[in-house]
Protein chains: 2
Amino acid sequence: MTAHDVADEPRAVTYPGVQGHDGPAREEVSVGRVTLQTIADRVGVSRMTVSNAFSRPDQLSAELRATILATADELGYVGPDPAARVLARGSSGTVGVLFTQSPGAAFRDPIAAEFFASVAESLAPTGLALALLPTTNEGDLLAARDVPMDAALVYACTVDTTALDWLRRRRLPLVFVDQEAVGPDAATVLVDDRPGARAGAQHLVDLGHRRVAMLTTAYREPPGVAPDPASAGIGHVSRERVEGWMSAFVPAGVDVVAVHMNDNQEADALAAARTALALADRPTGIVCFSDLVAWAVVRVAHELGLRVPQDVSVVGFDDSALARTVAPALTTVRQDLVAKGRSTADAIRNAIAAARQGATGSPEHVLVPTALVVRDSTGPAPG
Amino acid sequence: MTAHDVADEPRAVTYPGVQGHDGPAREEVSVGRVTLQTIADRVGVSRMTVSNAFSRPDQLSAELRATILATADELGYVGPDPAARVLARGSSGTVGVLFTQSPGAAFRDPIAAEFFASVAESLAPTGLALALLPTTNEGDLLAARDVPMDAALVYACTVDTTALDWLRRRRLPLVFVDQEAVGPDAATVLVDDRPGARAGAQHLVDLGHRRVAMLTTAYREPPGVAPDPASAGIGHVSRERVEGWMSAFVPAGVDVVAVHMNDNQEADALAAARTALALADRPTGIVCFSDLVAWAVVRVAHELGLRVPQDVSVVGFDDSALARTVAPALTTVRQDLVAKGRSTADAIRNAIAAARQGATGSPEHVLVPTALVVRDSTGPAPG
DNA sequence: CTGAAACACTTGACCGGTACAGAACATCGG
DNA sequence: CCGATGTTCTGTACCGGTCAAGTGTTTCAG
């Protein structure tokens, strides 16, 4: 109850002399905004002591503290103002998250979502909040420039973002995920995509497949068959996977076609799947950028009357929930998103700690392992 | 380049007299931290003018501004300090998000994820960042108390949370989603669950079903058959749906059994499905708290050799991606999560604007519509 | 030629705290 | 009885900005 009394006073009155720190304690200070000084005057102690009552209880006697807290409650004081505290302490308890795609994608893409879920949970015990920073800058507010934070996590961003520039200029400790670090001080958390992709491709080779397709993402490239399989894929993750696949296909002398799609979305995936399965020399094995794409391939194959895996084998990536859900269950390359999130949270904490100590040690670089998971969407090459 | 020069200086030096605002412009100020004053001294203008150069370009001549910006760059100044700006301006460009369950759940639960995706996207043009607030308070940091924000969104929270208390005490503008508002000043965004649920139930009644089960959530209640169907369900959403279902079943004189589960999770759902389908008098129609639950029912039915919808009809809720993906496609109650997110974003913006103007108008209350979507998981009652 | 409005800066106050180095007094082993 | 050590509290200096109300100048309509 008491905590509410002051709220009903009109706001925005211009502080009636409360700021005059010199004057003696007043009896009627309760008008206007209540600050540490208001309480200090009322109780008859210094402002610093009131601050300690809230922030460092061991610095004053228990009874004085009780008195101060009681008075604070009586005056409707809710505790030190966060903004002021952030300024004075130089730390905000917030970690920014930068995501080039629309911020909604962090939630909609199941892989990103699972990763962020893990980050959020690993960070929670520390009390750090995750701030999703919009990259659009329509108004005068630009989150990457204006939001106080202790560090930032940069996830699969196109490098030339204004927002990222701001983070760098602010010299915030940065952790790059699924993306090469920009600048030498930043930590990275990368997935060991290449060996994983290679294992998936080798699996097809071992099953006797000699005509294969790779379906992968390439932002801003025209969708469809890529001119050169070896240099297919745009973006760190896509490139790594292509190289992994090729490192198994090329030595085996397999025929490879790469099909590009603009984004890892259902519509793009279906289109790419149609392209691949309509090739004159239809591939018998297809490696895909994600389980989502693999599933699209399965559906298009069924549409065309092809059986999976008897007529076409399909390998996904990520081992998302989808891989186990659909029929046939997908052979895929697993990445441990929970571990990835945890490593990222650790890297963030370390980066913050290092920055606080002014440490100039080399940044952390984590590699998250991958593993092939064989299920029902792959089988021996037909014929 | 220039912007980087200063960074290499050792940090944490104690400001060598830069703070002496009185002295004339110095030529060698570039040691230590650069603030507006540093630049002001160097250029020979007042600190306020430098501030304006960054924050209100229309307040000074273009050429002076150019000079100031150039000097700032030369000194390695990156722009006004966010923390200081937040304190001085009284606004932080951040909206808190409170979620009782582990913060990861915001990403993992597809319904919540889609909702937050929409909120984030609707808020992005404004430049507002979404800060996910951990509710755990292990260390000394407590986000709900310590993170500066302009408003907060409270989503499906158990009411008696410490974190929520802090938000209220801070008198932040609050928007409650899927949950009754706590306190009279808060806005709400609620889904019109009851009529939606009713439509789903009525659909079963119209198909001739006379023995039905409701599978719904009840935190902390023992899982299994609920003592009284009419009072089944715990939590705002669960209660609303139960009441909607009952409002169709009861007048029709249908036999109703309610089965509780602790959480809207796959394992709980499978258990509840087994309970329902193992009842002596097996229901022919089942209404479910979510599509996830409905899908669990479908799978358990198949396990038991029952056909859907010939032997059992199943109605889901939410119309998530799952409902269209699985076989048979689920009859379900659609809620428009994108609209819900947009409404929430609007409510947040309005709440912030109202708070700024000290408006005491009544808070916003939005009701998001629902609609029955009939697909393949429901059919006429057998026999 | 003159008063009002527009421009370009400056002044002073304020935003609401925290860090750190004392100072005053009490406790305690020797 | 004395210095060493603690416990409690205070003083000063900062953290780095923004706002609103001036103060001189120009500009321009009347």
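Below, chains carry the letters A, B, ... as their sequence lines are ordered, and counting in each starts from 1.
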- request: Give every residue pair that meets the salt bridge (Lys or Arg N to Asp or Glu O under 4.0 Å) criterion with at least one member in residues 353-363 of chain B, sequence neighbours excluded.
  value: none

message: Which residue is it: B/I68, B/T49, B/V50? I am looking for the one with a side-chain contact (heavy atoms from CB on, under 4.5 Å) to B/V43.
response: B/I68

- line: Here the distance between atom C1' of D/dG16 and atom OH of B/Y77, to the nearest Å, is 7 Å

message: Angle between the end axes of the helix from C/dC1-D/dG30 to C/dG30-D/dC1, five pairs per end, to the nearest 10 degrees?
response: 20°

- prompt: With a 4.0 Å cut-off on heavy atoms, is A/L87 in touch with a base, just the backbone sugar-phosphate, or nothing at all?
  reply: base

statement: Atom CZ of A/R89 and atom P of C/dC20 are separated, to the nearest Å, by 12 Å

message: Can you measure B/D41 atom CG to D/dG16 atom C1' for me and round it to whole angstrom units?
response: 14 Å

message: Any base atoms under 4.0 Å from A/S61, or only sugar-phosphate, or nothing? Heavy atoms, all strands.
response: sugar-phosphate

query: Angle class for the A/Y155/A/F99 ring planes (parallel below 30°, perpendicular above 60°, tilted otherwise)?
result: parallel

- request: Specify the separation, in whole Å, of atom CE of A/M48 and atom P of C/dA23.
  value: 17 Å

- request: Specify the residue among B/A84 and B/T49 whose closest nucleotide of DNA chain C lies further upstream toward the 5′ end.
  value: B/T49

Test item: B/R145 and A/R85 side chains (from C-beta on) under 4.5 Å apart, heavy atoms: yes

SB check B/D346 B/R349 (cutoff 4.0 Å): yes

query: Contact class for B/R56 (heavy atom, under 4.0 Å): base, sugar-phosphate, or nothing?
result: sugar-phosphate

- prompt: When all nucleic acid strands are considered with a 4.0 Å heavy-atom cut-off, which category describes A/V86: base, sugar-phosphate, or nothing?
  reply: nothing

query: Rounding to a whole Å, what distance do you find between B/R85:CZ and C/dG16:C1'?
result: 19 Å

- prompt: Has B/S46 got a side-chain N or O lying under 4.0 Å from the OP1 or OP2 atom of C/dT11?
  reply: no

- prompt: Whole Å only: how far is the CD atom of B/E63 from the P atom of C/dA8?
  reply: 10 Å

message: In this structure, how many angstroms lie between the P atom of D/dC9 and the CG atom of A/D58, rounded?
response: 12 Å

query: Are the aromatic rings of B/F116 and A/F116 close, with centres under 6.0 Å apart?
result: no

- line: Among D/dT10, D/dT18, C/dG16, the one nearest any side-chain atom of A/R33 is C/dG16

- request: Rounded off to whole Å, could you give me the CD-to-P distance for the B/Q59 and D/dA20 pair?
  value: 11 Å

message: At less than 3.5 Å, do the side-chain atoms of A/R47 and the base atoms of C/dG17 form a donor-acceptor pair?
response: yes

- prompt: Can you tell me if A/D150 uses its side chain to pair, donor with acceptor, with the backbone of A/G93 under 3.5 Å?
  reply: yes

